[in-house]
Participant: 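Mind looking over this structure? Questions follow.
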Amino acid sequence: MCPAPAKRKTDIGAPHYDKFLPPIIKRNYGNWRHHELPRPGVVVHVAESGDKLYSVRAGSPRLLSIETLRLFAAIADEFSDGYLRFTSRNNVEFLLADPAKVDPLIARLKQEGYPVGGTGASITNIVHTQGWVHCNSAASDASGVVKSVMDELLPYFESMTLPARLRIAFACCLNMCGAVHCSDISILGMHRRPPKINHATLAKNCEIPTTIASCPTGAVRPATVDGKPSLEIIEEQCVLCGNCCAVCPSMSLNDPGDGISIWVGGKVSNARREPMFSKLAIPYLPNNPPRWPEVVSAVKNLVEVYAAHARRFERMGEWIERIGWPRFFKLTGIEFTKHHIDDFRHAGESFKRSVHLRRPPA
Amino acid sequence: MCPAPAKRKTDIGAPHYDKFLPPIIKRNYGNWRHHELPRPGVVVHVAESGDKLYSVRAGSPRLLSIETLRLFAAIADEFSDGYLRFTSRNNVEFLLADPAKVDPLIARLKQEGYPVGGTGASITNIVHTQGWVHCNSAASDASGVVKSVMDELLPYFESMTLPARLRIAFACCLNMCGAVHCSDISILGMHRRPPKINHATLAKNCEIPTTIASCPTGAVRPATVDGKPSLEIIEEQCVLCGNCCAVCPSMSLNDPGDGISIWVGGKVSNARREPMFSKLAIPYLPNNPPRWPEVVSAVKNLVEVYAAHARRFERMGEWIERIGWPRFFKLTGIEFTKHHIDDFRHAGESFKRSVHLRRPPA
Amino acid sequence: MTEKKPTPLLDNLEAGPWPSFVKELKKSAKSPMVQDLLGVLERSYEDKMGHWKHGGLVGVRGYGGGVIGRYNELAREFPDAAEFHTVRINQPAGWFYTSDVIRTLCDIWERHGSGLTNFHGATGDIIFLGARTSEIEAVFGELIEAGFDLGGSGSCLRTPSCCCGMARCEWACYDTMALTYDLTQTFQDELHRPSFPYKFKIKSSGCPNDCVAAIARADLSIIGTWRDDIQVDRTAVTQYAAGGQIDIAADVVARCPAGCMTWDGRSIGIDNESCVRCMHCINAMPKALAPGKDRGATVLVGGKATILGGALLSSVLVPFLRMEPPYDDLKELIRAIWDLWGDHGKNRERVGEFIQRIGLGNFLEQIGLDPQPEMVAQPRTNPYISYEPKEGRP
Amino acid sequence: MTEKKPTPLLDNLEAGPWPSFVKELKKSAKSPMVQDLLGVLERSYEDKMGHWKHGGLVGVRGYGGGVIGRYNELAREFPDAAEFHTVRINQPAGWFYTSDVIRTLCDIWERHGSGLTNFHGATGDIIFLGARTSEIEAVFGELIEAGFDLGGSGSCLRTPSCCCGMARCEWACYDTMALTYDLTQTFQDELHRPSFPYKFKIKSSGCPNDCVAAIARADLSIIGTWRDDIQVDRTAVTQYAAGGQIDIAADVVARCPAGCMTWDGRSIGIDNESCVRCMHCINAMPKALAPGKDRGATVLVGGKATILGGALLSSVLVPFLRMEPPYDDLKELIRAIWDLWGDHGKNRERVGEFIQRIGLGNFLEQIGLDPQPEMVAQPRTNPYISYEPKEGRP
Ligand code: SRM
Ligand code: SRM
Ligand code: SRM
Ligand code: SRM
Ligand code: SF4
Ligand code: SF4
Ligand code: SF4
Ligand code: SF4
Ligand code: SF4
Ligand code: SF4
Ligand code: SF4
Ligand code: SF4
């Protein structure tokens with residue numbers, strides 16, 4: 001009999017978070033009383049015990065080299081006893097017990113090129129996805145668009161003067177990796193041409209029946225091309241969802257005519273209005289790298305019009321509901337087109353089924 | 001050559017309404033200033049000219065014999081110079097220029113058995129349909145249920161003390177002839193067993209392919225019965241819509257197990273809240289002629305709970321939206337069941353997609 | 001006529017304060033048809049089931065609609081109720097009558113039918129309930145002589161109906177009765193000869209209160225509204241405030257769905273740019289407030305009851321249309337809808353379902369209207385945009 | 001490694017105040033993989049198109065998920081970016097780290113990969129971006145030694161994630177991090193070995209503010225809430241009123257979605273029976289108001305993005321559940337859902353779509369929960385009730 005092989009170590013899960021919590025948090029875990037936002041990027045949590053925790057938040061591109069991670073570690077060692085965390089929107093936070101270190105830390109972060117802000121009624125980091133950097137499905141580049149937009153919106157990251165917090169999200173295709181469908185402003189990569197098929201490889205690497213079944217509109221049909229079994233797309237039926245491409249490696253939506261759409265008025269929190277989806281504002285803007293000027297100015301316009309008109313605590317979507325969509329389109333100068341009218345499954349639910357109209361057009 | 005046949009007189013349409021308008025209306029047409037409701041059943045319209053029109057409204061069973069119509073005509077001759085009209089909810093109205101005749105007219109109507117009321121914050125006539133009196137599709141009797149309910153609710157017809165107007169509608173099958181789908185309280189006849197098929201006549205009088213195509217859920221299938229072509233129903237798939245019965249005379253949903261469902265909170269007017277559909281309150285009550293006591297007491301309970309809790313100008317649906325459905329079910333004592341949860345096409349749109357919950361149950 | 005049978009269950013419904021339909025039946029029971037109808041109905045009350053059969057084809061020469069054939073299963077037992085057809089008749093707009101014309105109608109129906117009527121049917125027609133096939137032509141002939149004509153049934157236009165509007169109501173933003181009369185006369189052919197994929201109903205209300213429930217049940221709803229500011233009579237406001245019958249803050253201002261009213265205890269403020277023209281404040285204070293003066297209507301499309309894909313409320317098609325005779329714009333729009341739906345609608349597909357199937361955007365394009373944000377509650381939330389092929393080229 | 005190619009388009013993105021991902025790429029460009037990645041990306045910027053291929057099967061022995069295979073079309077030109085797989089790693093709950101553990105992770109990734117990471121992926125994992133197939137086992141081995149394990153991919157459970165909750169936030173109604181850690185450890189098998197019809201995500205937020213956006217993107221959302229009354233500190237209210245930084249009437253009371261607050265200039269009134277627990281008033285006055293003391297969570301189900309039938313927000317499944325270790329009720333519920341969906345879900349059908357297909361009522365029945373009115377925004381409006389056959393018998 002051979003000896004039993006050394007059992008392979010697997011399924012250990014995540015390390016317990018306890019190891020990574022600073023002592024002030026361990027002491028006051030579950031016993032916080034309230035918080036304050038003394039300046040942009042700093043949240044002070046006051047415990048029942050009277051202890052105060054200072055969290056300093058800095059913007060991050062999320063796509064981080066290990067060099068930068070080591071830099072963050074070094075900064076943490078210097079200012080926050082080595083304790084740091086990342087937020088649900090990919091900002092980095094340093095957790096300080098010593099208020100005296102807050103200002104020096106902020107200075108240091110800025111000096112290294114990491115702006116401090118994103119708290120309260122600000123624009124915080126843009127949640128985003130892989131883009132051309134890494135995903136096969138991307139209709140645009142995530143990081144490039146985010147960088148271009150945030151370069152322009154930085155003042156809103158570093159201040160807290162908006163009517164309410166404003167959340168921007170980016171996704172590079174309809175899969176929408178992130179909460180793009182529920183953001184104040186969503187930037188969404190759009191393919192515009194039905195999938196292209198690599199007939200040469202299809203028979204080899206693609207399950208034809210599965211691919212046919214994957215299409216929600218029945219647009220994928222069997223076909224024989226150059227004597228080999230393959231597929232064809234009924235173009236008028238295709239809604240560009242990409243599902244067939246997700247199951248069949250020989251199909252791709254990527255095309256130089258891809259671009260970007262802009263959506264507005266979604267939210268996630270239950271504060272005041274129930275959570276809601278983002279709605280279409282601009283159906284298409286071109287991919288214009290490296291700076292995507294059309295996208296940047298469209299987003300900036302939305303932010304500025306919102307900032308000028310919304311009331312305090314009114315998220316983008318709440319503001320639009322108050323003034324009505326006709327006025328939103330007028331104020332932002334965006335054209336209302338056929339594309340804005342839903343035509344998918346529950347389309348009829350979005351029609352205006354009352355005469356509640358603010359000053360109807362002549 | 002034969003002489004051209006005398007042209008048959010057709011397509012003359014309706015007589016012009018002008019012929020039937022009392023002089024006071026002709027004089028003030030389009031120039032009314034405001035109205036008052038001095039007492040239940042009387043609406044006074046004041047014209048810019050100062051003229052006053054008194055409309056006296058009486059309840060009608062809608063199913064009228066010519067004897068009763070002649071009685072109304074005679075009453076009109078006596079009190080309103082022969083002028084009368086019917087309302088969009090089938091009440092009869094007498095149009096008077098002379099205020100002195102209002103009280104005598106009311107006395108006379110009551111004496112003849114026609115209650116006066118239905119104005120303002122009251123329960124007016126129940127809009128209804130044919131029922132067993134005349135329709136092949138009826139799952140209940142319209143006139144019998146309406147009579148039973150109104151006998152009980154008469155005090156609300158003859159007063160104006162509800163929080164707002166309360167509209168009740170009845171339809172005897174899902175075709176919903178009337179605005180049953182948008183009423184404060186809707187009483188709806190329900191079939192509960194899939195169609196029965198008369199296989200003997202089907203081949204003769206029924207287009208098999210059309211009937212198969214008529215079913216929204218594909219529950220109707222071709223079958224051979226006793227050697228003859230016929231149809232069968234996949235019972236689990238049938239949603240009891242009756243569409244197959246509408247196209248095929250050999251199919252019928254009528255069954256002694258038919259009964260009634262109750263719906264609440266719909267409205268049509270744009271006043272305050274946008275128009276909305278009625279929502280299911282009670283999925284089934286038995287047909288219990290001649291008085292349908294279960295239905296009468298269910299409706300009465302709804303009216304009373306609403307009357308006790310709603311605020312002024314709050315229609316049934318507006319009140320429920322304010323207090324929330326969980327509380328509605330608690331206050332009315334109605335059980336919430338699986339049937340209350342939508343499972344048709346847009347079902348998901350009715351799920352609670354937030355944590356906006358009033359005091360959650362333990 | 002069969003011998004008079006006892007009807008104990010129905011007799012029970014003669015009692016009680018609400019006017020009794022059983023009394024109505026009995027008043028007409030000198031007609032053998034109604035006598036047998038009583039028997040049939042009593043049977044339904046006994047066995048808790050209807051006994052009418054699916055309609056058959058009955059009609060008037062040259063017309064495809066207006067009569068609903070109705071036969072009874074219990075014909076052997078109740079032969080005089082064996083045939084009990086319905087005749088639908090165009091009502092005068094607004095349902096105004098004189099006693100004379102009522103008597104004329106009763107006389108016709110006494111001569112040729114059961115003597116039972118509905119004043120009115122749910123669509124708005126005058127309904128004669130209970131004709132034998134053999135009498136249909138006679139009824140029709142006499143009606144025509146009296147100035148009346150048949151309503152619609154089957155895949156026809158149905159008789160348009162409307163609220164009493166300017167005849168009596170201070171809020172009518174256009175003349176609903178004039179429009180309804182005009183449409184009824186203009187579209188006689190569509191009313192009488194089935195030419196659509198399914199039924200089509202037009203209803204007109206003079207203001208957003210929608211007293212004819214158009215939005216819930218008309219394929220085309222025409223609902224009066226205004227563009228300018230609500231008219232305010234400051235003196236009357238003061239009277240309301242003093243009168244105490246209404247709590248202006250709680251009952252009016254707090255209930256404004258647009259949240260666009262203010263009240264400082266003395267005067268009312270309305271931000272008319274934000275007002276959604278719901279009528280509530282006007283309804284609550286009819287002596288003080290009134291719709292603006294720049295009046296017209298919103299035209300909505302596609303309302304219907306449940307069958308088959310679920311009920312639909314009408315949705316905005318033209319946010320604001322001035323409503324003046326000869327109503328050419330409106331008629332052109334109606335014809336464009338009928339043409340498109342007529343060509344592409346499926347059998348038994350109401351226009352509201354048709355629009356959902358082909359997409360409102362496509363529908364607008366086909367009938368030649370520009371998309372407007374007023375037509376939607378909100379723009380699309382799903383990203384399945386159908387770019388035109390040309391848009392997809394870089 | 002190919003020679004270093006110029007990247008003028010990308011270089012442009014080094015400028016500007018927001019931290020630059022291009023700088024990050026260049027910092028790692030001593031890795032030949034990243035050097036070639038820069039070339040590939042510059043090409044995408046030139047021709048406005050991605051150049052990655054559909055993923056292939058890459059993984060760790062005994063695991064079905066955790067690694068996403070990624071290959072490049074331009075492998076001939078950029079051979080060092082030909083394989084560029086992703087390794088997903090379970091993050092510590094709440095994303096808390098020490099500098100030491102960060103350095104440990106960096107060292108592993110320096111030895112075996114490109115040196116590029118995402119802190120964090122959109123699901124919440126630590127992401128190592130750019131591994132060759134040959135290195136995968138080595139990365140895994142070292143991660144395990146360091147106490148880390150792989151996240152989910154494919155038809156697996158994904159790493160649960162949560163807001164920082166009790167670690168730092170005064171509003172946490174239960175311990176999100178304790179729960180998330182527990183679930184991650186309990187369901188290691190489901191995380192690593194694809195056994196579902198499609199992916200399954202669990203996210204936990206400590207209160208209705210939902211700082212982890214659970215409701216929008218988790219198949220199971222656990223959102224903290226309370227049952228009793230909002231805690232009011234009257235002194236602090238007075239301070240807010242005096243402080244003038246907030247207009248209590250306009251910013252708090254008027255914005256309460258339940259309309260259940262009153263303010264008379266001195267004290268705040270809350271009708272807690274009507275309060276919908278939205279958090280707004282508490283958010284606006286954190287020193288004065290706080291969630292009640294009878295705390296737990298609402299469990300919601302079925303959130304997801306667009307693909308395929310359209311996006312869904314999570315919907316209420318258990319209105320209120322007390323959240324205490326060992327969380328047996330919750331785990332039992334999760335297992336019941338997985339069993340049912342596992343048996344009857346279609347391939348690539350998320351649980352939210354599954355519920356819509358079979359009906360929420362049926363779903364509840366199968367997993368053994370009673371229907372409650374809290375689960376719906378409103379009861380059904382369409383009358384297509386599926387009576388059970390037995391109900392149809394008189
Ligand atoms: C750190 C973080 C949680 C974490 O575990 O990482 C967090 C932390 C806090 N959030 Fe949050 N939220 C965080 C993501 C979110 C998200 C999720 C998202 O954006 O993807 C939401 C939902 C957003 C949405 O609705 O679309 C969110 C909605 C809120 C709200 C509700 C705001 C509203 O009015 O809608 C509050 C309440 C408030 O600030 O008034 C809140 C309040 C807070 C407080 C004040 C809670 C507290 O007392 O500690 C924290 C500091 C807030 C600040 O930045 O001003 N947090 N918060 C997340 C920081 C992200 C970032 O880097 O910017
Ligand atoms: C006579 C009639 C129109 C007709 O051409 O026949 C009519 C006449 C008036 N309606 Fe109406 N409505 C009539 C059916 C309707 C309907 C349709 C229906 O019920 O099927 C509605 C929509 C109901 C719904 O929303 O479900 C309707 C919703 C209103 C409203 C809005 C009420 C609300 O708050 O939702 C008002 C405004 C008000 O009274 O405050 C109104 C107001 C009025 C006024 C005061 C208008 C006026 O100044 O003349 C009229 C007297 C009202 C009264 O009875 O108190 N009328 N009214 C209809 C009488 C029906 C009956 O016999 O009871
Ligand atoms: C007589 C009337 C009910 C009443 O008691 O008043 C009526 C009676 C019938 N309706 Fe109706 N409908 C009547 C108004 C309505 C209305 C209300 C309205 O028009 O405002 C509706 C709902 C609105 C709508 O059109 O959506 C209505 C929705 C239906 C439907 C479902 C249509 C749909 O698309 O949802 C059917 C089914 C069908 O057409 O096969 C239907 C079918 C029928 C039939 C023809 C049943 C049949 O399949 O043979 C009924 C004949 C009953 C009989 O023998 O007496 N009836 N029907 C109403 C017509 C009277 C009139 O002309 O004035
Ligand atoms: C890495 C990540 C994006 C990021 O930049 O952070 C990601 C990347 C991909 N997602 Fe995702 N998804 C990521 C979070 C999400 C999220 C957000 C979340 O989990 O909170 C969503 C939306 C929420 C949801 O699940 O509905 C999301 C919805 C999808 C979908 C659509 C699923 C659906 O049912 O709607 C797909 C399509 C699929 O699975 O075939 C998808 C598929 C993919 C694939 C595997 C593309 C593919 O078909 O091969 C992407 C691999 C990219 C690559 O090569 O790097 N990804 N994906 C996120 C995972 C990181 C992590 O583990 O932490
Ligand atoms: S959104 Fe689409 S393209 Fe972007 S990472 Fe996700 S799957 Fe890839
Ligand atoms: S992209 Fe979507 S709609 Fe188009 S063919 Fe593929 S699966 Fe069908
Ligand atoms: S509701 Fe149904 S049963 Fe009643 S009249 Fe209309 S079609 Fe006939
Ligand atoms: S009643 Fe409706 S669902 Fe049932 S078989 Fe007939 S058409 Fe189909
Ligand atoms: S709809 Fe308007 S105009 Fe017509 S009767 Fe009603 S309140 Fe008057
Ligand atoms: S009409 Fe309606 S929306 Fe306009 S001010 Fe009056 S109550 Fe408000
Ligand atoms: S979700 Fe609530 S408990 Fe969690 S961090 Fe946000 S505010 Fe705090
Ligand atoms: S939590 Fe929300 S609903 Fe409750 S009182 Fe505060 S603002 Fe109102």
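Keep in mind that what you see is a predicted model, and the values were worked out from it rather than measured. Residue numbering restarts at 1 for every chain, and letters A, B, ... go by the order of the sequence lines. Just so it is clear, the values below take in all heavy atoms, side chains as well, and ignore hydrogens, waters and symmetry mates.
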Participant: Pick out which of A:Val239, A:Asp343, A:Leu240 makes a side-chain contact (heavy atoms from CB on, under 4.5 Å) with C:Tyr384.
Facilitator: A:Val239
Participant: Could you tell me the separation between the CZ atom of A:Phe351 and the OG atom of C:Ser314, rounded to the nearest 0.5 Å?
Facilitator: 12.5 Å
Participant: In Å and rounded to the nearest 0.5 Å, what is the OG1 to NE2 distance from C:Thr381 to A:His346?
Facilitator: 9.0 Å
Participant: Under 4.5 Å heavy-atom distance to chain A, tell me which part of C:Asp294 shows up: side chain, backbone, both or neither.
Facilitator: neither
Participant: Are side-chain heavy atoms of C:Pro371 and A:His340 found at a separation under 4.5 Å?
Facilitator: no
Participant: Could you give the distance from CE (A:Met190) to OH (C:Tyr387), rounded to the nearest 0.5 Å?
Facilitator: 3.5 Å
Participant: Mark yes or no for whether A:Arg358, through its side chain, and C:Cys275, through its backbone, hold a donor-acceptor pair below 3.5 Å.
Facilitator: no
Participant: Just wondering, more than 12 heavy atoms not from C:Gln231 lying within 6.0 Å of its CD?
Facilitator: yes
Participant: Heavy-atom distance under 4.5 Å between the side chains of C:Ile223 and A:Val355, does that happen here?
Facilitator: yes
Participant: What are the two closest heavy atoms between C:Pro319 and A:Pro360, and how far apart are they?
Facilitator: O-CB, 4.0 Å
Participant: Check each atom of C:Asp210 against the heavy atoms of chain A and say whether the ones under 4.5 Å are side chain, backbone, both or neither.
Facilitator: neither
Participant: Considering only heavy atoms from C-beta outward, does the side chain of A:Met176 approach that of C:Pro383 to under 4.5 Å?
Facilitator: yes
Participant: At their closest point, which heavy atom of A:His356 faces which heavy atom of C:Cys278, and how far apart are they?
Facilitator: NE2-CB, 3.5 Å
Participant: Could you tell me the separation between the CD atom of A:Glu349 and the CD atom of C:Gln378, rounded to the nearest 0.5 Å?
Facilitator: 10.5 Å
Participant: Looking at C:Glu374 and A:Arg359, is any side-chain nitrogen of the basic one under 4.0 Å from a carboxylate oxygen of the acidic one?
Facilitator: no
Participant: Could you have a look at C:Leu312, C:Asn362, C:Leu364, C:Thr225 and say which one has the most heavy-atom pairs with chain A under 4.5 angstrom?
Facilitator: C:Asn362
Participant: Would you name the heavy atoms of C:Pro379 and A:Leu280 that are closest together and state the gap between them?
Facilitator: CB-O, 3.4 Å
Participant: With only heavy atoms counted, which part of A:Thr337 is less than 4.5 Å from chain C, the side chain, the backbone, both or neither?
Facilitator: backbone
Participant: To the nearest 0.5 angstrom, please state how far the CG atom of A:Leu357 sits from the CE atom of C:Met375.
Facilitator: 10.5 Å
Participant: Select one option (side chain, backbone, both, neither) describing which atoms of A:Phe329 are under 4.5 Å from chain C's heavy atoms.
Facilitator: side chain
Participant: Counting only heavy atoms closer than 4.5 Å, note whether A:Trp263 contacts chain C via side chain, backbone, both or neither.
Facilitator: side chain
Participant: Search all heavy atoms of A:Arg353 against all heavy atoms of C:Ser315 and return the closest pair with its distance.
Facilitator: NH1-CB, 3.8 Å
Participant: Taking A:Cys241, A:Ala347, A:Ser261 one by one, which has the highest count of heavy-atom pairs under 4.5 Å against chain C?
Facilitator: A:Cys241
Participant: With a 4.5 angstrom heavy-atom cut-off, is it the side chain or the backbone of A:His339 that approaches chain C, or both, or neither?
Facilitator: both
Participant: Is it true that a side-chain atom of C:Arg380 and a backbone atom of A:Lys279 form a donor plus acceptor pair closer than 3.5 Å?
Facilitator: no
Participant: Could you go through the side chain to side chain donor-acceptor pair (under 3.5 Å) check for A:Asp342 and C:Asn382 one step at a time?
Facilitator: CA-CA 7 Å; A:Asp342 194 4; C:Asn382 76 71; 2.6 Å; yes
Participant: Just wondering, more than 12 heavy atoms not from C:Glu332 lying within 6.0 Å of its CD?
Facilitator: no
Participant: Under 4.5 Å heavy-atom distance to chain A, tell me which part of C:Ile385 shows up: side chain, backbone, both or neither.
Facilitator: both
Participant: Salt bridge between A:Arg192 and C:Glu391, side-chain N to carboxylate O under 4.0 Å?
Facilitator: no
Participant: Are any of the side-chain heavy atoms of A:Pro326 and C:Gln372 separated by less than 4.5 Å?
Facilitator: no
Participant: Could you measure the distance from the CD atom of C:Glu365 to the CD1 atom of A:Ile341? Nearest 0.5 Å is fine.
Facilitator: 10.0 Å
Participant: Would one find more than 12 heavy atoms of other residues, nucleotides or ligands at under 6.0 Å from atom NZ of A:Lys196?
Facilitator: yes
Participant: Among C:Ile355, C:Thr298, C:Leu360, which has the most heavy-atom pairs under 4.5 Å with chain A?
Facilitator: C:Leu360
Participant: Is it the case that more than 12 heavy atoms not belonging to C:Lys346 sit under 6.0 Å from its NZ atom?
Facilitator: no
Participant: Taking every non-hydrogen pair under 4.5 Å, which of C:Ala258, C:Ser274, C:Gly359, C:Gly292 racks up the most with chain A?
Facilitator: C:Ser274
